[in-house]
*Asks:* 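Below: one structure in structure tokens.
Note that the structure is predicted; figures quoted are calculated from it, not measured. Values below: every heavy atom of this structure, side chains too, minus hydrogens, waters and symmetry copies.
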Amino acid sequence: MKLRIAKATPSGLLRPLMLAAWLLLATSSVTAGEPLWASHCERWSSFEPGIWESLLFWQETGISDELMGQAIEKLGTEPGRMKRVGVPVAFVNGSMYVARSTPLSKTYAWWAHNLLVWVHVLRRLAARWGAALPDTELLLGADDDPTQDMSAPGAWQAATSPPLPVMKHCKSSASADIPIPTWHFYTLNATAQFFSRTHRFSEEHPWAAREHKAYGGGMLYHRSQAMPVNKKQLEAGMVAGEPFMVREKFAEFLNKEVRNPNIVFDNGRPLPLWAEYKMAIHIDGISCSSKLWQLMALGNLVLREQSSYLSFYDSQLHSFEHYVPFWRHRPREIVWAYDWATRHDAAAARIAARGQAFVRDTLSSQGLECYWLLLLQQYSGLLKYKPGQGARRIPAPVPAAAVAANATTAAAGVVAAAGQGGRRRSSRSRRLMQGGGVEGVREEAHSRGGGSVEAESARRQPARRRLQQAQQGSVPGSGGAGDAGAFYIPVDEWLALQEGAHGWRPGLAASLGAELELLPLLPMRAMVVRAGQELAAAANATALRQP
């Protein structure tokens, strides 16, 4: 389809005509069998190879209704004091639904908050794209541990037995988890605070003016050694300990064995100060650390630990193109990486610049949205069943007025039961730039959890009773006009049921989206109508001005 704009086109028509042209080109792909967003996301098609690789496990068998049910049961029924609740989500006819039986009050406070962020991210995706989204069902898991070690003996029960499909912020090279953007992109305002400021970081800290030092910091986090592929090898005389505090051990090695004043790893310092150095040492935490893209945005040459943990964008990152690797086999490799960068300063500067350009151009808010769209499109094609039916069905259609009234009643009741004890959340992005990066934010989240879920539930019995009643479909707003047997409920009703969990301030569960860095709440189909209206109005005004 080609649009020709004549030279005589009045200037008043140019803007709406160009907008209409772009939208018509985007929507014309629908008639060709492509989704509405195909042209919109063409710039980020580089995500596709990584998505294809992540979904290879299910190419032969697909994802059956039974397999998805097994995944939901596994993440929702872990024995012990706390449950690792996985949040099942379904998209049907452009509407988003969440499983009624997954209350966030049943898991750790920081996991609950992270899952809540993802729900709001997907809610905005549905609001923007509606029926352009494929019908699908997925499971979100917020914990750091890999769901399954596919390299372990007995991992494959049969030749055609696929692993459980679980979406997480991080995967191991030996796990089958499907990587998705971490919540920190949205809570830390990654585009506004980092990616849109890369030119400023480079101007304030040009490469030649930076101190020739490799700096790293932040001692938080243990790391599991249960999965062989992620087991770290230490130098002779070093003992991992239990739990294995990987960063503490690395700092101990530097202090006792390396003793180079230009290779430093300490308790951490405010993130902007890292830009004063040419090199930044990056060591993952429990699993993938969000500090990687922050350091690249600052313009550091990242000396990156080879932990075998992978983020959703890792298929596009390459050693000696975007970072310099170390500790693939032993921690002493940090000295090798530092010495290489010292001998090849110009090449090191080019690698730092490519890393900075990558995160700026690829991981923006638009890039994240397109990753979700591309992933859901590929993932949904593997489902061997129709989402929203059978044992995990969505509620029967009800009048819109009844749905709105029920959701309002449920939200008001739970907020009233929760009381006014929730503490207001301060700005994460501001603390990030003032403190030690994302680790400091997460440490506060741990302390804000306030101990066990049992203690929290005992303290808020009224909210807990109402939540239990809602799960049973015995209160208004719990399933849509009395459809208490539905596994899924509309996302807004589910958000209303989470109010009061973990001492959150009243209204947080429903309003968190306003605090996240999300794209504007403008349905993309509506843009087509608006562009047409602008075009018609401009043409009419031009016609009236003509004699």
Side-chain angles (χ1 to χ4, degrees), residues 65 68-78 83-93 95-107 111-120 122-123 126 135-142 166-167 385-400 402-415 417-418 453 457 460 462-502 504 508-510 512:
D65 182 86
M68 179 58 69
Q70 292 173 359
I72 292 174
E73 182 178 0
K74 178 179 175 63
L75 263 70
T77 58
E78 179 176 301
K83 288 186 177 180
R84 293 184 175 179
V85 174
V87 174
V89 172
F91 292 96
V92 179
N93 296 326
S95 296
M96 179 179 171
Y97 302 86
V98 185
R100 185 205 315 268
S101 60
T102 52
L104 296 182
S105 61
K106 294 297 183 181
T107 190
W111 281 348
H113 187 272
N114 297 337
L115 289 165
L116 185 63
V117 169
W118 273 333
V119 169
H120 275 279
L122 294 177
R123 179 174 178 262
D135 288 358
T136 193
E137 183 179 32
L138 54 95
L139 180 61
L140 303 171
V166 183
M167 296 188 179
Y385 63 98
K386 186 171 179 58
Q389 298 183 1
R392 298 190 305 280
R393 64 180 177 84
I394 62 173
V398 295
V403 172
N406 287 345
T408 302
T409 302
V414 177
V415 169
V453 166
S457 298
R460 298 187 178 276
R464 184 182 183 186
R465 283 196 300 269
R466 181 167 181 81
L467 181 59
Q468 290 172 341
Q469 290 174 340
Q471 292 164 359
Q472 297 166 2
S474 58
V475 296
S478 63
D483 192 357
F487 181 84
Y488 284 106
I489 57 177
V491 59
D492 288 344
E493 292 188 33
W494 182 84
L495 288 171
L497 297 180
Q498 311 312 313
E499 296 294 350
H502 301 291
W504 292 338
L508 173 67
L512 181 62

*Asks:* Quick one: closest heavy-atom pair of Leu75 and Val166, and the distance?
*Replies:* CD2-CG1, 3.9 Å
*Asks:* Taking atom CG of Leu115 and atom NE2 of His120, what is their separation to the nearest 0.5 Å?
*Replies:*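 Leu115 atom CG to His120 atom NE2 measures 12.0 Å (nearest 0.5 Å).
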*Asks:* Distance check, rounded to the nearest 0.5 Å: Met68 atom CE versus Glu73 atom CD?
*Replies:* 13.5 Å
*Asks:* Could you check whether any side-chain heavy atom of Leu104 comes within less than 4.5 Å of a side-chain heavy atom of Trp494, counting everything from C-beta outward?
*Replies:*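 When only atoms from C-beta onward are counted, Trp494 and Leu104 do touch, with a gap below 4.5 Å.
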*Asks:* Shortest non-hydrogen contact from Val98 to Tyr488?
*Replies:*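 Here Val98 and Tyr488 meet closest at C-CD2, 3.3 Å.
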*Asks:* Is the shortest side-chain heavy-atom distance between Leu495 and Leu116 below 4.5 Å?
*Replies:* yes
*Asks:* Looking only at heavy atoms, what is the nearest atom pair of Gln498 and Ala509, with distance?
*Replies:* CB-CB, 4.0 Å
*Asks:* Judged by atom type as modelled, is there a donor-acceptor pair below 3.5 Å linking the side chain of Glu137 to the main-chain atoms of Pro387?
*Replies:*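 Absent.
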*Asks:* Do any N or O atoms from the side chain of Arg123 and from the backbone of Met96 form a donor-acceptor pair under 3.5 angstrom?
*Replies:*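 Side chain of Arg123 to backbone of Met96: no pair is present.
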*Asks:* Taking the side chain as every heavy atom from C-beta outward, state whether Pro490 and Ser95 have any pair of such atoms under 4.5 Å apart.
*Replies:* no
*Asks:* Would you please test Leu122 and Val491 for side chain to side chain contact (heavy atoms under 4.5 Å, CB included) and show each step?
*Replies:* CA-CA 10 Å; Leu122 294 177; Val491 59; over 6 Å; no
*Asks:* Considering all heavy atoms of both residues, which atom of Ser101 and which atom of Phe487 are nearest to each other, and what is their separation?
*Replies:*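 Where Ser101 meets Phe487 most closely, the heavy atoms are OG-CE1, 4.0 Å.
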*Asks:* How long is the straight-line distance from CD1 of Ile489 back to CG of Leu497, given to the nearest 0.5 Å?
*Replies:*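 Rounded to the nearest 0.5 Å, the CG-CD1 separation comes out at 4.5 Å.
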*Asks:* Can you measure from CD1 (Ile394) to OH (Tyr97) and round to the nearest 0.5 angstrom?
*Replies:*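 Separation between the atoms: 4.0 Å.
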*Asks:* For the atom pair NE2 (His113) and CG (Leu512), what is the distance rounded to the nearest 0.5 Å?
*Replies:*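 CG of Leu512 is found 5.0 Å from NE2 of His113.
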*Asks:* Checking Arg392 side chain against Ala99 main chain: does a donor-acceptor pair fall under 3.5 Å?
*Replies:*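 Looks like no, no N/O pair under 3.5 Å.
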*Asks:* With sequence neighbours excluded, what pairs up with Gln389 under the side chain to side chain contact (heavy atoms under 4.5 Å, CB included) test?
*Replies:* Lys386
